[in-house]
**Q** 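The structure that follows is given in the form of structure tokens.
Predicted model only: the values in this text are computed from it and were never measured. Proteins come first, then strands; the chains are lettered A, B, ... in the order of their sequence lines, and each starts at number 1.
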Protein chains: 2
Amino acid sequence: MYTIKEVASKMNISEHTLRFWAKSGFFPFIKRDSNNTRKFSENDLGWVKIVKCLRSVGTENKSIKKYIDLCIKGDSTIKERFEIIKSTKLKALQQMEELKKQLDLLEYKENYYQNLIKNNLNDNWNPINKIHESESLV
Amino acid sequence: MYTIKEVASKMNISEHTLRFWAKSGFFPFIKRDSNNTRKFSENDLGWVKIVKCLRSVGTENKSIKKYIDLCIKGDSTIKERFEIIKSTKLKALQQMEELKKQLDLLEYKENYYQNLIKNNLNDNWNPINKIHESESLV
DNA sequence: AAGTTGACTGATAGTTACTATCAAGTTGTA
DNA sequence: TACAACTTGATAGTAACTATCAGTCAACTT
């Protein structure tokens with residue numbers, strides 16, 4: 001059993017966010033001790049993990065709640081949950097592609113600047129006009 | 001020269017966001033026509049591209065503005081810009097790793113559900129307790 | 001010529017998902 | 001007994017959009 005602080009550091013999520021998620025109904029099974037303190041079980045960590053996963057690929061909280069509710073509803077919703085996971089995976093793959101593109105651009109930029117530095121460019125030009133050119137990336 | 005609408009569809013960014021970014025000072029070189037309408041040049045598209053890139057890897061708008069201002073300031077800031085791009089690239093690589101992990105989890109989940117469906121599981125159990133178990137992922 | 005359509009404008013309000021601040025309660029140690 | 005270190009919920013604030021609105025202007029239609 002873990003306190004919210006332990007879960008926060010274990011999962012690299014802020015305590016604030018965990019409380020916010022808890023209040024949003026994302027962790028319906030968490031028990032409290034006699035002091036009303038949340039005690040996360042190993043299973044609860046699983047829930048935190050899937051919520052973190054959905055969140056990190058951009059699923060909005062409303063949809064996460066829906067997924068959680070489907071889970072609670074039981075096996076009759078398995079197919080629906082399967083579809084959600086499939087489309088989420090697709091979305092994540094698209095994000096991966098997008099991220100790769102952005103990484104390419106950053107790499108291009110990195111080389112571009114490195115080259116400027118290496119060749120010790122002197123910079124006596126009008127910033128407004130010239131940067132405009134030199135920064136062109138299209 | 002492109003209207004904001006054309007840029008929006010070309011770059012897959014909403015007109016709203018483009019105006020918001022423009023107001024934030026991200027595109028300092030955009031010209032207006034006689035009707036006060038923004039006309040994006042090819043170069044301006046380059047700026048949109050780098051802003052989109054920085055934004056999509058989580059750079060906050062305040063920092064993007066700083067980068068833009070460094071660009072405007074000229075070559076004396078090249079080293080600083082180089083460092084920004086380098087650390088942004090690093091951040092993007094970390095995001096890539098994180099995304100891969102989340103994809104693994106989604107794949108696990110996908111298989112898990114597929115298996116349940118394939119084996120035509122009957123589901124006469126208490127949802128609260130049993131899902132709790134079956135969903136465990138840790 | 002008058003009217004309608006469509007694209008643009010800035011201003012302002014609303015939304016999402018945190019994120020920070022606060023006062024208050026409990027427990028362990030000096 | 002005091003105080004430090006945790007927890008709690010409530011509330012306010014923030015970032016970055018996102019939507020709505022009223023208004024301008026040009027081009028086309030009737």
**Q** Sequence neighbours excluded, which residues qualify as side chain to side chain donor-acceptor pair (under 3.5 Å) partners of B/Q114?
**A**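 B/Q114 satisfies side chain to side chain donor-acceptor pair (under 3.5 Å) with no residue once adjacent residues are dropped.
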
**Q** Of all residues at least two apart in sequence or in a different chain, which pass the salt bridge (charged side-chain N to carboxylate O under 4.0 Å, His left out) check with B/E15?
**A**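 By the salt bridge (charged side-chain N to carboxylate O under 4.0 Å, His left out) rule, B/E15 matches B/R19.
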
**Q** Think A/N61 has a side-chain N or O under 4.0 angstrom from the OP1 or OP2 of C/dT15?
**A**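 For C/dT15, OP1/OP2 do not have a side-chain N/O of A/N61 under 4.0 Å.
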
**Q** B/K5 NZ to C/dG6 C1': how many Å, rounded?
**A**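 The distance from NZ of B/K5 to C1' of C/dG6 comes to 8 Å, rounded to the nearest Å.
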
**Q** Output yes when at least one side-chain N/O atom of A/R32 is less than 4.0 Å from OP1 or OP2 of C/dT26, else no.
**A**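 False: A/R32 side-chain N/O out of range (4.0 Å or more) of C/dT26 OP1/OP2.
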
**Q** Could I get the full list of side chain to side chain donor-acceptor pair (under 3.5 Å) partners for B/N111, not counting sequence neighbours?
**A**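 For B/N111, no residue satisfies side chain to side chain donor-acceptor pair (under 3.5 Å) once neighbours in sequence are set aside.
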
**Q** How would you list, by chain and number, every residue that makes a side chain to side chain donor-acceptor pair (under 3.5 Å) with A/E98, sequence neighbours excluded?
**A**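 By the side chain to side chain donor-acceptor pair (under 3.5 Å) rule, A/E98 matches A/Q102.
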
**Q** Distance check needed: C/dG25 C1' versus A/I4 CD1, whole Å only.
**A**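 Checked: the CD1 to C1' distance equals 16 Å.
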
**Q** In whole angstroms, how far is the C1' atom of D/dA16 from the CD1 atom of B/I13?
**A**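 Checked: the CD1 to C1' distance equals 14 Å.
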
**Q** Counting only side-chain heavy atoms from C-beta out, which of D/dT7, D/dA16, D/dG9 sits nearest to B/E60?
**A**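 Of all the options, the side chain of B/E60 is nearest to D/dA16.
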
**Q** Can you tell me how far P of C/dA17 sits from CG of A/L54, to the nearest Å?
**A**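 Those two atoms, CG and P, are 13 Å apart.
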
**Q** Please state how far atom NZ in A/K52 lies from atom P in C/dA17, giving the value in whole angstrom units.
**A**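 So the two atoms are 18 Å apart, to the nearest Å.
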
**Q** Near DNA chain C, which residues from residues 15-24 of chain A have a heavy atom under 4.0 Å away?
**A**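 Hits under 4.0 Å, by residue number: A/H16, A/T17, A/F20, A/W21.
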
**Q** Please pick, from D/dC25, C/dT9, D/dC17, the nucleotide with the shortest atom-to-atom distance to any side-chain atom of B/N35.
**A**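 Of all the options, the side chain of B/N35 is nearest to D/dC25.
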
**Q** Any side-chain donor paired with an acceptor under 3.5 Å for B/Y2 and B/E42?
**A**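 Short answer, yes.
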
**Q** Side chain of B/Q95, backbone of B/V57: donor and acceptor closer than 3.5 Å?
**A**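 Answer holds: yes.
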
**Q** For D/dT7, does either OP1 or OP2 sit under 4.0 Å from a side-chain N or O belonging to A/T3?
**A**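 Yes, because at least one side-chain N or O of A/T3 sits under 4.0 Å from OP1 or OP2 of D/dT7.
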
**Q** Would you mind listing every salt bridge (charged side-chain N to carboxylate O under 4.0 Å, His left out) that reaches into residues 4-13 of chain B, with sequence neighbours excluded?
**A**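 Listed once each, the pairs would be none.
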
**Q** Between atom CG in A/N12 and atom C1' in C/dC18, what is the gap in whole Å?
**A**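 Going from CG in A/N12 over to C1' in C/dC18 covers 15 Å.
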
**Q** Please determine whether a side-chain nitrogen or oxygen atom of A/R38 lies at a distance below 4.0 Å from atom OP1 or OP2 of D/dT7.
**A**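 Checking A/R38 against D/dT7: no side-chain N or O falls below 4.0 Å of OP1 or OP2.
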
**Q** How is A/S14 classified with respect to the nucleic acid when contacts are heavy atoms under 4.0 Å: base, sugar-phosphate, or nothing?
**A**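 If one applies the 4.0 Å heavy-atom cut-off, A/S14 turns out to touch nothing in the nucleic acid.
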
**Q** Quickly work out the B/M1 CE to C/dA7 P distance and round it to whole Å.
**A**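 In whole Å, C/dA7 P and B/M1 CE are 21 Å from each other.
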
**Q** Rounded to whole angstrom units, what separation is found between the NZ atom of B/K39 and the P atom of C/dC8?
**A**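 Rounded to the whole Å, the gap is 8 Å.
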
